[in-house]
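Following: one structure in structure tokens, then a few remarks.
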Amino acid sequence: MNQSPLNIDTMPTDLFIGGAFRPSSSAKRIDVYDPASEKVIASVADATTEDALAAVEAASAAAEAWAATAPRKRSTILMRCFELMTRDAEKLAQLITMENGKALADARGEVAYAAEFFRWYAEEAVRINGEISVAPSGAARTIVQYQPIGIALLITPWNFPAAMATRKIGPALAAGCTCILKPATETPLTAYAIADLLAEAGVPAGVVNVLTTSTAGRVSNAILDDHRVRKLSFTGSTEVGRVLLRKAADSVINCSMELGGNAPFVVFDDADIDAAVEGAMIAKMRNGGEACTAANRFYVQRGVADEFSRRLAERMGALVTDDGLKDGTQCGPLVNKAAVEKVGALVDDARKKGARVLTGGNAPQRKGFFYMPTVLADVAPNSDLLGEEIFGPVAPIVAFDTEAEAIRFANATEYGLVAYVYTRDLARGLRVSERIESGMIALNRGLVSDPAAPFGGVKQSGLGREGAHHGLLEFMEAKYISTNWS
Ligand code: NAP
């Protein structure tokens, strides 16, 4: 591992276009804040539509050669990306904590997870198989070949600044696509650090371009209006996802959408309560609750509701909440002031509707965007926080009586990303898993994310899958050749 300390002043902060860092054509900059101190720690270039079109030009110039690069060579470069990211893991983790706020332990976990997408897709790059069959009529042979879909626009959120980028760049490069990454404005530094590593790993100029901008809508529209761009892969809120799907319709651009979640966490009477509390801590508190997979609603069967609530409140109340860079911090600040205000308003609403605060329930009086880990019991069904993403360290608990009721509660949402189910009865676990409307189920586990598994949602949580072989196919088109040689 590279032991040189992180020096934020020497990190790249300019647009990465055609293999080189360069300032924006407007020379404007965007400030980047440390959510723990509220101080400006750096500024990055603010791309214009002109810069965006330069990035499309660079991606286009590199496209043919990259698509024609031997899969083994693409694989070797991706494996080198994995190695370099692993080498620089500690520096990247510190950078993530500085701009996002999450506890360093969470940031280290993110870097390991993010790097794994490069390794997984290095392995996938040489496993792009086609198909051949005889047509049912016997009159022809059907050959199916997978080809790169073309230039891809990748738009990512601030909550996993490294992993959301590599989960898209890895498969795009394995498939033979060139791309333009637009990271979130709150967390641009990690994206530029990754761009720097990709260049060191030998990714050719123009294959990956990175743009930060204060005008996301304008810049992404300019890119999507260029007909050379054939793919949009977006991770972020359902609200912005809908806007982008409408825009993509103009040029019939292929879309993958990883959108918001509202994960139910269901605990049955027969569950192993130790395991359920442990799983709840992971499902709720990974990233301080700022995860699309975060358990958002806890449905606990009446017989164990009091015990589960008490024990979860003890664990949540004992979490060390502080600057993410400090040793021992388990819960860092939220990303910005608006996030603290949103979480506070949701908790106040639940309280007014009758919820009991078992721990937390307030923002501490200190500098930084902190909110105390909170557990709420007896949450009324019409509370706002059961219907929308909390995106903070708050666990609302609702008791239920029957299996049918648990399923009905779990499905009472427009979202369908992930659900958590705890029971010792495997048949019940699988039955409930089948009936809950979500793309992923964690059965007696608090974590689903795995680069080797298909990640994604149903309903308004998204379209398509990332990770696994499925993630590669999102960047490929099936070409069917009909022929006959008999
Ligand atoms: P967001 O507000 O939707 O922003 C996501 C990205 O879209 C950012 O880069 C943002 O740029 C950009 N953006 C905003 N408006 C745009 C527009 N009109 N046109 C093009 N791009 C636009 O989401 P967020 O607050 O960063 O992230 C949190 C959300 O992401 C949550 O809903 C969470 O559930 C979801 N998420 C989903 C997954 C998943 O895999 N399903 C994973 C992680 C997060 P700016 O930063 O410049 O506004």
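Both ligands and their constituent atoms are indexed starting at 1 by order of listing.
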Counting heavy atoms only, which of [options] comes nearest to [atom]?
atom                    : options                : value
atom 37 (C) of ligand 1 : N221, L259, T187       : L259
atom 43 (C) of ligand 1 : N159, V243, V418       : N159
atom 29 (C) of ligand 1 : G261, S237, G456, G462 : S237
atom 16 (C) of ligand 1 : N287, I155, V240, L224 : V240

Would [X] pass as a cation-pi partner of [Y], given that its NZ or CZ must be under 6.0 Å from the six-membered ring centre and within 45 degrees of the axis?
X    : Y    : value
K39  : Y33  : no
R366 : F370 : yes
R465 : F455 : no
K284 : F298 : no

Give a yes or no on whether the backbone of [Y] and the side-chain of [X] come within a donor-acceptor separation of less than 3.5 Å.
X    : Y    : answer
T213 : A47  : yes
K102 : G332 : no
D323 : A36  : no

Counting from 1, what ligand 1 atoms have a heavy atom of [X] closer than 4.0 Å?
X    : answer
L417 : 41 (N)
S220 : 19 (N), 20 (C)
F391 : 28 (C), 31 (C), 33 (C), 34 (O)
G217 : 17 (C), 18 (N), 19 (N)
F455 : 39 (C), 40 (O)
T185 : 45 (P), 46 (O), 47 (O)
R167 : 39 (C), 40 (O)
T235 : 5 (C), 36 (N), 37 (C), 38 (C), 39 (C), 40 (O), 42 (C), 43 (C), 44 (C)

Handout entry: Any donor-acceptor N or O pair under 3.5 Å, side chains T413, K459
Key = no
For [atom], the protein heavy atom that lies nearest, with its residue and separation:
atom                    : result
atom 10 (C) of ligand 1 : K182 NZ, 4.0 Å
atom 21 (N) of ligand 1 : A216 CB, 3.7 Å
atom 35 (C) of ligand 1 : G236 O, 3.2 Å
atom 39 (C) of ligand 1 : C292 SG, 3.3 Å

Looking only at heavy atoms, is any part of [X] under 4.0 Å from ligand 1, and if so is it the side chain, the backbone, or both, or is it neither?
X    : result
P183 : backbone
E389 : side chain
L244 : side chain

Exercise for the section: Specify whether the nearest protein heavy atom to atom 26 (O) of ligand 1 is under 4.0 angstrom away. Expected result: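 Looking at atom 26 (O) of ligand 1, one finds that a protein heavy atom does lie closer than 4.0 Å.
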Problem - Q330 side, atom CD; T321 side, atom OG1 - distance, nearest 0.5 Å - result: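 Separation between the atoms: 8.0 Å.
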Problem - Salt-bridge contact K352-D348 (side-chain N to carboxylate O under 4.0 Å) - result: no
Exercise for the section: May I ask you to decide whether E90 forms a salt bridge with R108, counting only side-chain N to carboxylate O separations under 4.0 Å? Expected result: yes
Handout entry: Test of ring centre spacing under 6.0 Å for F265 and Y420
Key = yes
Practice task
Kindly confirm or rule out an N or O of T156 lying under 3.5 angstrom from an N or O of ligand 1.
Solution key: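 The answer is yes, given that T156 and ligand 1 share an N or O pair closer than 3.5 Å.
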Exercise for the section: Run the contact test for E466 against ligand 1 with a 4.0 Å cut-off on heavy atoms, strictly below, and give the result. Expected result: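 E466: no contact with ligand 1 (<4.0 Å).
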Handout entry: W158 near ligand 1 by a heavy-atom separation under 4.0 Å
Key =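 Yes, W158 has heavy atoms under 4.0 Å from ligand 1.
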Exercise for the section: Step by step, work out the side chain to side chain donor-acceptor pair (under 3.5 Å) result for E186 and N336. Expected result: CA-CA 9 Å; E186 274 93 350; N336 56 29; 3.0 Å; yes
Exercise for the section: Please step through ring-ring contact (aromatic ring centres under 6.0 Å, His included) for the pair Y113 and W120, ending with a clear verdict. Expected result: CA-CA 11 Å; Y113 174 55; W120 175 263; over 10 Å; no
